[in-house]
Amino acid sequence: MEYPVFYQIEDLYYPILAAVGVAVNLLAIVILSRGKCGLCTSTTCYLVAMATSDPLVIITEVMLNRVSYFYIEGSFLDITPVCAIIAVLLRAATDCSVWFTVTFTFDRFVAICSQKLKTKYCTGNTVAVVLATTCILLCLKNTPFYFVYEPRWISNNVPWFCAVKSSYFTEPGWVGFDWFDKVLTPLFPFVLILFLNALTVRHIVVASRVRKALMGQRKRENHSDPAMESRRKSVILLFTISGNFILLWLVYVIDFLYYNITGKDPEDYNNFEYIFQQVGWMLRTLSCCTNTFIYGVTQSKFREQFKSLLKYPVTAIIKLMS
């Protein structure tokens with residue numbers, strides 16, 4: 001696949017992703033905020049936070065960065081200080097999207113594995129503190145990225161576009177910061193999510209065996225257990241969201257490890273390496289659009305609220321006409 005063909009794919013991919021991504025996340029925010037999906041308060045708050053951070057990634061990464069570059073090149077968005085600010089906002093939004101997934105995973109781990117801690121940690125107030133603290137710290141962490149960029153050229157004393165300084169890949173300070181950035185997002189979240197999910201699975205297996213023994217289900221396989229059914233739905237939602245995150249970020253992580261292990265500058269990538277890198281970015285951005293579909297597949301009450309939301313305009317029109 002040559003560059004021109006791949007560019008054509010990107011030209012179609014990012015505008016469609018922007019339109020669909022913003023729409024589905026706004027839809028998820030509306031449905032989840034109504035609190036009628038049968039989810040606990042902490043879960044609802046985390047899912048709303050994730051649905052809020054995801055369109056911010058789409059706006060900064062897709063609309064202000066990718067789409068503007070393809071369709072309105074040479075606008076004020078391409079002035080170096082402006083595109084540097086956009087880059088900082090993009091990274092902050094991406095970090096928040098990733099770490100909100102981590103905090104959600106930890107919340108579900110506590111809720112499933114520790115009934116004592118659940119009553120104190122899995123509350124609306126705690127969620128608000130966790131989300132606010134996470135957001136502030138990640139915004140501060142990404143501020144240095146403003147100084148990573150330099151103009152591609154200067155015209156009439158106006159600096160245009162953002163090029164990563166070559167020193168970013170060579171100077172020990174910037175190389176260390178790059179490692180810290182990638183370890184924080186997404187390498188450490190990868191490990192943490194896998195670790196928490198492994199502990200959750202272990203706890204569920206042990207608890208399930210004990211519960212079956214107490215209820216005599218080894219002899220009565222058809223016996224219904226509402227508590228186990230509720231836990232099963234919670235676990236399906238947790239594993240689907242975290243698994244989706246890991247799969248869609250995997251190519252991006254492989255690319256990061258590749259250019260750090262080989263010492264190759266991404267600016268010098270050959271055709272295949274460049275396409276692999278860009279596919280990683282495409283899949284990473286796609287992860288901001290999939291959670292709403294996951295809710296629809298795994299949560300029956302979310303589907304009911306979605307159908308109700310679609311019927312509402314029609315019902316309202318019929319009432320007005322009658």
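Note that the coordinates shown come from a computational prediction; the quantities given were computed from them, not determined experimentally.
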Margin query: Just so I know, are the side chains of Asp107 and Val130 near enough to count as touching, which here means a heavy-atom distance under 4.5 Å?
Written below: no
Notebook entry, point to check: Between Leu47 and Ile241, is a side-chain contact (heavy atoms from CB on, under 4.5 Å) present by the stated rule, with each step listed?
Noted result: CA-CA 10 Å; Leu47 295 184; Ile241 290 177; 3.9 Å; yes
Item checked: Minimum heavy-atom distance between Leu90 and Asn65, given as atom pair plus value -> CD1-ND2, 3.9 Å
Item checked: The single option from Asn291, Asp54, Thr52 passing side chain to side chain donor-acceptor pair (under 3.5 Å) against Ser97 -> Asp54
Next item on the list: For the pair Thr170 and Val175, evaluate side-chain contact (heavy atoms from CB on, under 4.5 Å) and give the outcome as yes or no after the intermediate values.
Entry: CA-CA 6 Å; Thr170 56; Val175 171; 5.7 Å; no
Next item on the list: Report the C-alpha distance between Asn271 and Phe6 in whole Å, list the side-chain angles of each, state the deciding distance to 0.1 Å, and finish with yes or no for side-chain contact (heavy atoms from CB on, under 4.5 Å).
Entry: CA-CA 10 Å; Asn271 192 22; Phe6 187 74; over 6 Å; no
Check: Is Thr80 reaching over with its side chain to a backbone N or O of Pro159, donor-acceptor style, under 3.5 angstrom?
Finding: yes
Margin query: Nearest 0.5 angstrom please: Leu248 CG to Cys289 SG, how far?
Written below: 10.0 Å
Check: Taking a hydrophobic cluster as the set of Ile, Leu, Val, Met, Phe, Trp and Tyr residues connected by side-chain heavy atoms closer than 4.5 Å, whether directly or through intermediates, do Val164 and Ile154 fall within one such cluster?
Finding: no
Notebook entry, point to check: Just how far is it from atom CZ of Phe100 to atom OG1 of Thr134, taken to the nearest 0.5 Å?
Noted result: 6.5 Å
Notebook entry, point to check: Who are the side chain to side chain contact (heavy atoms under 4.5 Å, CB included) partners of Arg34, not counting sequence neighbours?
Noted result: Lys36, Gln305, Leu309
Next item on the list: Kindly indicate, with the supporting measurements, whether the criterion side chain to side chain donor-acceptor pair (under 3.5 Å) is fulfilled by Arg108 and Ser42.
Entry: CA-CA 9 Å; Arg108 291 299 83 202; Ser42 62; 3.3 Å; yes
Item checked: Side-chain (Asn156) to main-chain (Val158) donor-acceptor, under 3.5 angstrom -> no
Notebook entry, point to check: For Tyr121, which residues count as a ring pair (Phe, Tyr, Trp, His ring centres under 6.0 Å) partner, sequence neighbours excluded?
Noted result: Phe106
Check: Would you say the side-chain atoms of Thr126 pair up with the backbone N or O of Lys120, donor to acceptor, closer than 3.5 Å?
Finding: yes
Margin query: Just so I know, are the side chains of Tyr146 and Pro81 near enough to count as touching, which here means a heavy-atom distance under 4.5 Å?
Written below: yes
Checklist line | Test item: Tyr14 and Met63 side chains (from C-beta on) under 4.5 Å apart, heavy atoms | finding: no
Notebook entry, point to check: More than 12 non-hydrogen atoms from neighbouring residues, nucleotides or ligands closer than 6.0 Å to NZ on Lys141, yes or no?
Noted result: yes
Next item on the list: Hey, can you tell me if Tyr258 and Tyr269 have their rings parallel, tilted or perpendicular (30° and 60° cut-offs)?
Entry: tilted
Notebook entry, point to check: Val251 and Gly280: which non-hydrogen atoms are nearest, and at how many Å?
Noted result: CG1-CA, 3.5 Å
Notebook entry, point to check: When rounded to the nearest 0.5 angstrom, what distance separates OG1 in Thr103 from CG in Leu131?
Noted result: 5.5 Å
Checklist line | Check: Thr200 side chain, Leu196 main-chain N or O, donor-acceptor pair, under 3.5 Å | finding: yes
Next item on the list: Start with the C-alpha gap between Val48 and Thr44, add the side-chain angles, then the distance that decides, and say whether side-chain contact (heavy atoms from CB on, under 4.5 Å) holds.
Entry: CA-CA 6 Å; Val48 170; Thr44 300; 4.3 Å; yes
Margin query: Taking salt bridge (Lys or Arg N to Asp or Glu O under 4.0 Å) as the cut-off, I'd like each qualifying pair that reaches into residues 168-178, sequence neighbours left out, listed once.
Written below: Asp178-Lys182
Item checked: Minimal non-hydrogen separation, Tyr252 against Pro186, with atom names -> CE2-CD, 4.1 Å
Notebook entry, point to check: Which atoms form the tightest heavy-atom contact between Leu56 and Thr60, and what is the distance?
Noted result: O-OG1, 2.8 Å
Item checked: Test ring-ring contact (aromatic ring centres under 6.0 Å, His included) applied to Tyr168 and Tyr149, step by step -> CA-CA 9 Å; Tyr168 182 74; Tyr149 300 96; 8.2 Å; no
Note to self: Measuring only between side-chain heavy atoms, which start at C-beta, is Leu257 closer than 4.5 Å to Val253?
What the structure shows: yes
Note to self: Just checking Phe306: does its CZ atom have more than 12 heavy atoms from other residues, nucleotides or ligands closer to it than 6.0 angstrom?
What the structure shows: no
Next item on the list: Look only at the side chain of Ser242 and the backbone of Ile193, and say whether a donor-acceptor pair between them is shorter than 3.5 Å.
Entry: no
Next item on the list: Check whether any side-chain N or O of Lys165 sits under 3.5 Å from a backbone N or O of Phe147 as a donor-acceptor pair, and report yes or no.
Entry: yes
Check: Does anything in residues 91-201 pair up under disulfide bond (SG atoms under 2.5 Å apart), and if so which pairs, sequence neighbours excluded?
Finding: Cys83-Cys162
Notebook entry, point to check: Can you tell me how far CD1 of Ile58 sits from CG of Leu64, rounded to the nearest 0.5 angstrom?
Noted result: 12.0 Å
Notebook entry, point to check: Closest heavy-atom contact between Asp255 and Gln277?
Noted result: OD2-CG, 3.6 Å
Notebook entry, point to check: If you group Ile, Leu, Val, Met, Phe, Trp and Tyr by side-chain heavy-atom gaps below 4.5 Å, do Met282 and Ile254 land in one group?
Noted result: yes
Note to self: The criterion is side chain to side chain contact (heavy atoms under 4.5 Å, CB included); which residues satisfy it with Pro189, sequence neighbours excluded?
What the structure shows: Val98, Trp99, Val102, Phe245
Note to self: Given 3.5 Å as the limit, does a donor-acceptor pair link the side chain of Tyr295 with the main chain of Phe302, or not?
What the structure shows: no
Notebook entry, point to check: When the ring planes of Tyr259 and Phe256 are compared, do they come out parallel, tilted or perpendicular, using 30° and 60° as the limits?
Noted result: perpendicular
Checklist line | Sidechain-backbone polar pair: Ser308 side chain, Glu304 backbone, donor-acceptor under 3.5 Å | finding: no
Next item on the list: Answer yes or no: is there a donor N or O on one side and an acceptor on the other, between the side chain of Arg152 and the main chain of Trp160, under 3.5 Å?
Entry: no
Next item on the list: Indicate if Leu283 and Phe293 have the same hydrophobic cluster label, given that clusters are the connected sets of ILVMFWY residues with side-chain heavy-atom separations under 4.5 angstrom.
Entry: no
Checklist line | Under the salt bridge (charged side-chain N to carboxylate O under 4.0 Å, His left out) test, residues paired with Glu273 that sit two or more places apart | finding: Lys264
Item checked: Asn25 (side chain) donor-acceptor with Cys288 (main chain) under 3.5 angstrom -> yes
Notebook entry, point to check: If you measure from CG on Asn142 to CG on Asp181, what distance do you get to the nearest 0.5 Å?
Noted result: 6.5 Å
Notebook entry, point to check: Roughly how far apart are Phe239 CZ and Asn197 CG, rounded to 0.5 Å?
Noted result: 4.5 Å
Notebook entry, point to check: Leu26 and Tyr46: same hydrophobic cluster, using ILVMFWY side-chain contacts below 4.5 Å?
Noted result: yes
Notebook entry, point to check: In terms of hydrophobic clusters joined by side-chain contacts under 4.5 Å, are Leu237 and Val127 together?
Noted result: yes
Next item on the list: Quick one: closest heavy-atom pair of Ser53 and Met50, and the distance?
Entry: OG-O, 3.1 Å
Item checked: Test applied, side chain to side chain donor-acceptor pair (under 3.5 Å); reference residue, Glu61; option that passes from Arg91, Arg66, Arg284 -> Arg66
